[in-house]
Enquirer: 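Please see the structure below; I have some questions.
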Amino acid sequence: MRVGVPREIKVQEYRVGLTPGAVREYVAAGHQVMVETGAGNGIGASDDVYRRAGATISDSARDVFASSDMIVKVKEPQKSEWLQLRESQILFTYLHLAPDPEQAKGLLASGCTAIAYETVTDAAGRLPLLAPMSEVAGRLAIEAAGAALRRSAGGRGLLLGGVPGVQPARLVVLGGGVVGMQAARMAAGLGAEVTVIDRSLPRLRELDDLFAGRVRTRFSTIEAVEDEVFAADVVIGAVLVPGASAPKLVTRAMLKSMRRGAVLVDVAIDQGGCFETSHPTTHTDPTYEVDGVVHYCVANMPGAVPVTSSQALNNATLPFGLMLANKGFAAVLENPHLRNGLNAHRGRITNRAVAESLGLEFAPVGGLAA
Ligand SMILES: NC(=O)c1ccc[n+]([C@@H]2O[C@H](COP(=O)([O-])OP(=O)(O)OC[C@H]3O[C@@H](n4cnc5c(N)ncnc54)[C@H](O)[C@@H]3O)[C@@H](O)[C@H]2O)c1
């Protein structure tokens with residue numbers, strides 16, 4: 001198959017659909033890979049590195065779209081990109097179609113076969129192509145918290161781990177899923193005093209076993225959240241209710257009872273945020289203050305570390321991408337997890353949840369779609 005990797009054109013996006021290492025895997029499996037010049041700049045991979053990995057380099061996105069059977073990207077296609085897609089072409093990328101009717105219309109008009117990373121599943125019903133970015137964001141949340149806690153940044157002037165003879169910072173993680181566990185792990189590793197709050201008892205049991213006493217766990221009630229948040233130096237917001245906006249676990253009124261210079265890191269901001277006072281920020285201006293509490297609410301945290309993020313993403317997408325390259329659309333029909341990833345095919349929406357969100361008709365592929 002001819003596989004194309006255009007340069008990402010969304011503002012502040014530095015990741016790349018295929019790393020040079022992934023290109024080698026496609027080439028070793030007998031496929032041709034065409035990469036747009038400069039596509040790897042954000043991760044420090046030059047055109048020559050891609051050439052050595054076996055790719056051909058094209059001067060224009062137009063060539064890449066025109067001559068590829070499958071396009072592998074990171075972010076949802078922008079208008080100039082979806083206008084170049086065509087029927088029988090496979091698009092494999094993050095789409096987030098539900099809140100984006102304009103993109104949905106563009107993809108449907110193109111007739112392409114669009115597989116969204118965020119709806120591909122695994123045998124346990126999880127979302128394996130979302131998890132790596134949650135891992136990155138969870139770990140990064142602690143670095144962000146450490147920086148925001150500094151006096152010069154408006155924080156309390158605390159070192160997360162303290163030093164011998166001085167107590168460490170108190171850190172609360174709301175939501176002990178993928179983001180929450182990675183955040184707890186990093187914070188505990190630095191020596192902070194960590195509590196994870198979740199509303200799933202089985203998950204709290206797992207975390208309790210895993211951290212073997214190094215991290216405290218609490219069941220999520222209004223009282224538990226208040227107790228912990230009022231005594232915290234840092235609160236990491238990492239809750240997710242699939243398909244819904246994040247619940248507002250910390251209200252504006254609660255800020256008044258928090259420590260001055262405490263830090264809120266709202267990783268769940270991409271789902272609306274779990275603090276009432278959160279609004280999305282960017283890497284160039286990541287924090288703001290409300291009632292003396294520092295807020296960090298960057299909506300695309302993994303974008304800060306495109307080298308790590310691109311590799312983590314490629315590790316997860318590679319097996320699915322190779323299946324698609326080896327078998328074409330037949331891979332979607334054979335593999336139920338890829339089929340869950342299929343969002344649009346020949347002008348129809350093929351994922352039930354996406355169709356419902358967009359108010360469009362759901363068209364199961366060959367009667368097989370989940
Ligand atoms: N800002 C970013 O750049 C970025 C990057 C990656 C992920 N995210 C977001 O981070 C959030 C968490 O993602 P995840 O992969 O860890 O999800 P996850 O499903 O693995 O974990 C979410 C956890 O929240 C818990 N939860 C739900 N409601 C709760 C409540 N009321 N009280 C306490 N716990 C509750 C669930 O039981 C679950 O354990 C999502 O909104 C995701 O989109 C943001």
Side-chain angles (χ1 to χ4, degrees), residues 1 10 17 65 68-79 81-134 177-178 239-247 268 270-272 313 316-317 319-370:
M1 186 180 266
K10 192 166 178 178
F65 278 91
S68 303
D69 306 307
M70 173 163 79
I71 298 289
V72 184
K73 276 178 50 58
V74 179
K75 293 307 275 186
E76 71 279 3
Q78 308 299 294
K79 187 171 183 182
E81 294 175 318
W82 77 56
L83 287 174
Q84 298 180 68
L85 292 165
R86 60 176 183 276
E87 187 157 332
S88 83
Q89 196 170 40
I90 295 175
L91 172 67
F92 190 41
T93 190
Y94 286 119
L95 288 178
H96 297 290
L97 272 187
D100 194 352
E102 208 198 341
Q103 188 207 157
K105 215 168 133 191
L107 287 186
L108 293 179
S110 78
C112 79
T113 295
I115 296 157
Y117 291 162
E118 71 273 9
T119 63
V120 172
T121 50
D122 66 14
R126 288 182 301 241
L127 303 171
L129 306 192
L130 264 191
M133 294 306 100
S134 288
V178 180
V239 298
L240 176 66
V241 178
S245 297
D270 61 342
Q271 298 292 329
L313 180 62
T317 55
F320 293 102
L322 283 177
M323 263 188 259
L324 287 166
N326 292 339
K327 298 189 170 178
F329 188 65
V332 177
L333 296 175
E334 282 172 22
N335 186 298
H337 303 305
L338 267 179
R339 202 159 64 239
N340 286 334
L342 184 69
N343 281 18
H345 177 59
R346 295 196 168 165
R348 317 281 298 271
I349 295 285
T350 49
N351 178 292
R352 188 190 296 278
V354 171
E356 279 168 9
S357 299
L358 289 166
L360 293 173
E361 192 193 337
F362 164 55
V365 168
L368 287 170

Enquirer: Of all the heavy-atom pairs spanning Gly341 and Thr119, show the shortest one and how long it is.
Expert: CA-OG1, 3.3 Å
Enquirer: Kindly write out the residues that satisfy ring-ring contact (aromatic ring centres under 6.0 Å, His included) with Phe329, not counting sequence neighbours, or none if the list is empty.
Expert: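 For Phe329 the ring-ring contact (aromatic ring centres under 6.0 Å, His included) partners, ignoring immediate neighbours, are His345.
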Enquirer: Can you list the residues that meet the side-chain contact (heavy atoms from CB on, under 4.5 Å) rule with Pro101, with sequence neighbours excluded?
Expert: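 For Pro101, the residues satisfying side-chain contact (heavy atoms from CB on, under 4.5 Å) (neighbours in sequence not counted) are Leu358.
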Enquirer: Mind checking the CD1-CG spacing from Ile349 to Leu107? Nearest 0.5 Å is all I need.
Expert: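 Here the interatomic distance stands at 7.5 Å.
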Enquirer: List the steps and the verdict of side-chain contact (heavy atoms from CB on, under 4.5 Å) for Thr113 and Gln89.
Expert: CA-CA 6 Å; Thr113 295; Gln89 196 170 40; over 6 Å; no
Enquirer: Determine the sole option in Glu81, Lys73, Gln78 for which the side-chain contact (heavy atoms from CB on, under 4.5 Å) test with Lys10 is passed.
Expert: Gln78
Enquirer: If I take atom CE from residue Met133 and atom CG from residue Asp270, how far apart are they, to the nearest 0.5 angstrom?
Expert: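 Atom-to-atom, Met133:CE and Asp270:CG are 12.5 Å apart.
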Enquirer: Test side-chain contact (heavy atoms from CB on, under 4.5 Å) on Ser68 and Ile71; report intermediate values, then the result.
Expert: CA-CA 7 Å; Ser68 303; Ile71 298 289; 3.9 Å; yes
Enquirer: Taking Gln103's backbone N and O only, do any of them form a donor-acceptor pair with Glu76's side chain (distance below 3.5 Å, no angle check)?
Expert: no
Enquirer: Does any N or O in the side chain of Asn335 come within less than 3.5 Å of the main-chain N or O of Ala331, such that one atom is a donor and the other an acceptor?
Expert: no
Enquirer: Counting C-beta onward and ignoring hydrogens, is there a side-chain heavy-atom pair between Asn351 and Leu97 closer than 4.5 Å?
Expert: no
Enquirer: Taking atom CD of Glu87 and atom CZ of Arg346, what is their separation to the nearest 0.5 Å?
Expert: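 These two atoms lie 5.0 Å from each other.
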Enquirer: Where do Pro128 and Ala316 come nearest, in terms of heavy atoms and distance?
Expert: O-CB, 3.7 Å
Enquirer: Going from CG on Leu338 to CG on Leu333, what distance comes out if it is rounded to the nearest 0.5 angstrom?
Expert: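 It is 10.5 Å, given to the nearest 0.5 Å.
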Enquirer: I need the minimum non-hydrogen distance between Val178 and Ala131, along with the two atoms involved.
Expert: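 Heavy atoms of Val178 and Ala131 come nearest at CG1-O, 3.8 Å.
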Enquirer: What is the distance from atom CG of Leu360 to atom CG of Leu108, rounded to the nearest 0.5 Å?
Expert: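 Result: 6.5 Å between the selected atoms.
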Enquirer: Please determine if Glu334 and Arg339 form a salt bridge, counting it only when a charged side-chain N lies under 4.0 Å from a carboxylate O.
Expert: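 So Glu334 does not pair with Arg339 through a salt bridge.
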Enquirer: Between Tyr94 and Leu130, which heavy-atom pair has the shortest distance, and what is it?
Expert: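 Looking at all heavy atoms of both residues, the shortest contact is CE2-CD2, 3.9 Å.
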Enquirer: Is it true that a side-chain atom of Thr93 and a backbone atom of Val72 form a donor plus acceptor pair closer than 3.5 Å?
Expert: no
Enquirer: Side chains of Thr121 and Asn340: do they bring a donor and an acceptor to under 3.5 Å?
Expert: yes
Enquirer: Distance from Leu127 atom CG to Glu118 atom CD, nearest 0.5 Å?
Expert: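 Taking CG in Leu127 and CD in Glu118, the distance rounds to 9.0 Å.
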Enquirer: Go through His337 and Phe320 one step at a time and tell me if the side-chain contact (heavy atoms from CB on, under 4.5 Å) criterion holds.
Expert: CA-CA 9 Å; His337 303 305; Phe320 293 102; 4.3 Å; yes
Enquirer: Among all residues two or more places apart in sequence or in another chain, which pass the ring-ring contact (aromatic ring centres under 6.0 Å, His included) test with Phe92?
Expert: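 Listed in chain order: Tyr117.
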Enquirer: With side-chain contact (heavy atoms from CB on, under 4.5 Å) as the test, would you mind laying out the steps for Ile90 and Val332 before giving the verdict?
Expert: CA-CA 11 Å; Ile90 295 175; Val332 177; 6.0 Å; no
Enquirer: Minimum heavy-atom separation for Val74 to Gly17, with atom names?
Expert: CG2-N, 3.5 Å
Enquirer: Is a side-chain N or O of Arg86 found less than 3.5 angstrom from the main chain of Phe65, in a donor-acceptor match?
Expert: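 Side chain of Arg86 to backbone of Phe65: a pair is present.
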Enquirer: How far apart are the closest heavy atoms of Trp82 and Ser110, and which atoms are they?
Expert: O-CB, 4.0 Å
Enquirer: Could you please spell out the steps behind the side chain to side chain donor-acceptor pair (under 3.5 Å) verdict for Thr350 and Asn343?
Expert: CA-CA 5 Å; Thr350 49; Asn343 281 18; 5.8 Å; no
